[in-house]
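Below: the structure, in structure tokens.
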Amino acid sequence: MKHLIMISLLATVVVGKSPRLKFVVHEPSRFHFTKPENYLSMYHQEGSDMLYVGGQAMIYVLTFTDRGVHDLQIPAASDQTAIDTCKAKAAPLELECDNFITVIQKVNNTFIVCGTNAGSPRCWMLVNDTMLTDVQGAGHIGSASEISPPYPSQKSISVPADGSLYSAMSSVGGHAGSIRRTFGAQKLLKTENVWLLNPQFAGAAIIPSSQKFKEEIYFFFSEFNKTARVDEEPFRARIGRICTVDEGGIPNLLADSWTTFMKARIMCGAGNTQQQYNNLKQAVVLTAQDRRAGVMYGLFSNAWGKTVICAYSIEDIDQAFSTSKLKGYSNPFIGSRPGMCSVSQNNMKNLGVIRYHPEIEDVIRPVGVAPLDLPSDDQITHTVADIVLAVNDEHYSVLYLGTEQGKVLKVLHTSEEVFIVSQYSLFHNEGPVLNMAIDSQKGHLYVGTAMEIQRLPLADCGRYGDTCRECILSRDPYCGWDKARRRCIAIPPGYNVTTGTLIQNLDHSNSTVCGEAAALKQRKTSPKEVLVPFNTSIFLPCPVRSFHATYRWEKDNCIMNYPCLFSGDFCVLGPVVDTPLKEGVFRCMATEDGFKVEVISFRLKNDGRLLVASVASMLGLSLLLAVTTLWLH
Ligand SMILES: *[C@@H]1O[C@H](CO)[C@@H](O)[C@H](O)[C@H]1NC(C)=O
Ligand SMILES: *[C@@H]1O[C@H](CO)[C@@H](O)[C@H](O)[C@H]1NC(C)=O
Ligand SMILES: *[C@@H]1O[C@H](CO)[C@@H](O)[C@H](O)[C@H]1NC(C)=O
Ligand SMILES: *[C@@H]1O[C@H](CO)[C@@H](O)[C@H](O)[C@H]1NC(C)=O
Ligand SMILES: *[C@@H]1O[C@H](CO)[C@@H](O)[C@H](O)[C@H]1NC(C)=O
Ligand SMILES: *[C@@H]1O[C@H](CO)[C@@H](O)[C@H](O)[C@H]1NC(C)=O
């Protein structure tokens, strides 16, 4: 008995951090792999309906429509000799002796595809979406082993910018790890080995600038100190940056290396406490067009595998790289500051400074000095983000977090807080989300697990219900209430914020804009009649829609007031000691945003014999059983 009450108390305590709504989606826009794909690379061009997925010895070209998914499969096997050699070498894992496609990227109009090729990486060009051919033509290309790792468990990152491809390779075994320009018309460059300490790459992003020569690429990674003592944290999260104009140094100084490489330490944890998350797993950047303003979201884990998200201001990072002291260098700079983006070559003195002191002293700290306040029981495996122009002419960040259980959380990040709009359960098999791609232009999210690829609309406004209050309380920046049509609709493209009339309220859960307060107080449901057989216990179910509302039962217009005996997808009222579930009208009330709304009501009547068939069928036999089982404990 006692622990039942504990459960319902707990449920109310964590409510603020939980998703407000939970959706189960089983719609046809999905693709099933015929065999599990445990490593997924993805390429998606904004505005298209196509998704390129790289798997084991296979490229899947998927075309999504509202009716389903059309797929074209392009085999990309490695040659048998490579597989034999790989297996003979007793590779770290024999299962990795195949051609795992790790890179699919478009550089100018060339589709570059690279794979592990059973330990000896290879690259191809994808022609006409159907054929793999050898890479030829314009520009330089580095060795395939600088673009794709030899085994899929070694993480690599590739990002195209201005007709060049930039690749970062994580360190593994004897390989130092590197950041390189690997393809394109510009000079191929690399990092010096001493600049990176066993890096494990987590992401990369182009930081645009209105002045083209100031364009930068940020690389996100963790460094691992192999000689750290047992009581020391071996990981350090880092941002490394290079300028896209970089053409290398002079013949005897940084000839084939970056002259603009700098790195900084980034922290994720509460203030200066010991509770730091140092292992950066993945990172995404949102920038407003050609402005430095923007935000970077990093997915971090600690030694126990707990995951958190920290947000950083791009302005702060930019400021640190352009003003901080360099570690181990205290002399004044001669002329321009070393490592800055510039078309003219840096002077020799500056090259020397960068060669030996690429690390800045300033440490990058998250906005709000702590990780985002997200549910702690969800292990996050992948994240993407979007920036949305709301009807108040402000931009809002939305994060999509894929979890270990194959769910996706949609999170609104305002300047003050995070609000978990909803949780989607998308898959038949609950495997972890391995990869995601977002298309802000067309409004789609692609989510991949080892078994399936699914597509979701970003503006999923139809799910929020058909009242203004439900639409506003969703706090979904993609959706607004259309007063004239009385519907919750997606903000149309090209919506004019000065003349438009859609209603939204994103900063707080507050639906007073709807002006429905009076109507809500009046609203009553018509009670469903239930005949209670003599001498039996019955349970009344109330469907939970918003997990941010508090649900309670009231008897005979509030003479008595009862908590849920059991909550989850239903707030269940059952026979507790002082709850005589015999006769009367029982109403389930949900309170959210200061308003109490009646959800459902029952009129119980004493009967002599019958079992409550109506209630049993509504509740579903399994839930009834579950409740009864709990009750009997
Ligand atoms: C690609 O398609 C074009 C036009 O259909 C055709 O001319 C060309 O030969 C194709 N290329 C290859 C390599 O098949
Ligand atoms: C990409 O296109 C630009 C201009 O369109 C050109 O200058 C450059 O050489 C191209 N790069 C490659 C690798 O083809
Ligand atoms: C790694 O840790 C050891 C032990 O604390 C320390 O002496 C060494 O300087 C560290 N290496 C780097 C590159 O920070
Ligand atoms: C919005 O409408 C106003 C008034 O019609 C007009 O002056 C303004 O240019 C429009 N804004 C945009 C972005 O179209
Ligand atoms: C909701 O907003 C209205 C008007 O902006 C304000 O008067 C009211 O206090 C707010 N309610 C809550 C619960 O914050
Ligand atoms: C039903 O009533 C009888 C007699 O009053 C009692 O012995 C029995 O325990 C009751 N059963 C239940 C399930 O309450």
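Numbering of ligands and ligand atoms starts at 1, following listing order. These numbers were taken from a predicted model, which means no experiment stands behind them.
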Report task. Specify side chain, backbone, both or neither for N225, according to which of its non-hydrogen atoms lie closer than 4.0 Å to ligand 3. Result -> side chain
Report task. Using distance alone, decide if ligand 5 has a nitrogen or oxygen within less than 3.5 Å of any nitrogen or oxygen in D593. Result -> no
Report task. Hey, can you tell me if F261 and W195 have their rings parallel, tilted or perpendicular (30° and 60° cut-offs)? Result -> parallel
Query raised in the report: Going by the angle between their ring planes, with limits at 30° and 60°, are Y464 and F23 parallel, tilted or perpendicular?
Result: tilted
Report summary line: Taking every heavy atom of K214 against every heavy atom of S209, the minimum-distance pair comes out as CB-OG, 3.4 Å
Requested in this report: Run the numbers for me: atoms of ligand 3, each under 4.0 Å from some heavy atom of T227, listed by number.
Outcome: 1 (C), 2 (O), 3 (C), 4 (C)
Check ligand 4 for close polar pairs with the protein: N or O on both sides, less than 3.5 Å.
{"unit_1": "ligand 4", "atom_1": "2 (O)", "unit_2": "N496", "atom_2": "ND2", "d": "2.3"}
{"unit_1": "ligand 4", "atom_1": "11 (N)", "unit_2": "N496", "atom_2": "ND2", "d": "2.9"}
{"unit_1": "ligand 4", "atom_1": "14 (O)", "unit_2": "N496", "atom_2": "ND2", "d": "3.4"}

Query raised in the report: Against heavy atoms of T512, which atoms of ligand 5 measure under 4.0 Å?
Result: 1 (C), 2 (O), 3 (C), 4 (C)
Query raised in the report: Any idea which atoms of ligand 3 are less than 4.0 Å away from a heavy-atom of L197?
Result: 13 (C)
Query raised in the report: Name the one of R463, K410, R20 that satisfies salt bridge (charged side-chain N to carboxylate O under 4.0 Å, His left out) with D476?
Result: K410
Query raised in the report: Which atom pair, heavy atoms only, marks the closest approach of T182 to L188?
Result: C-CD2, 3.6 Å
Query - Subset of ligand 3 atoms that lie under 4.0 Å from at least one heavy atom of A228 - result: 2 (O)
Requested in this report: Mind telling me whether Y297 and H413 have parallel, tilted or perpendicular rings, with 30° and 60° as the class edges?
Outcome: perpendicular
Report task. Describe, in one word, how the ring planes of F333 and Y329 are oriented to each other, choosing from parallel (under 30°), tilted (30 to 60°) and perpendicular (over 60°). Result -> parallel
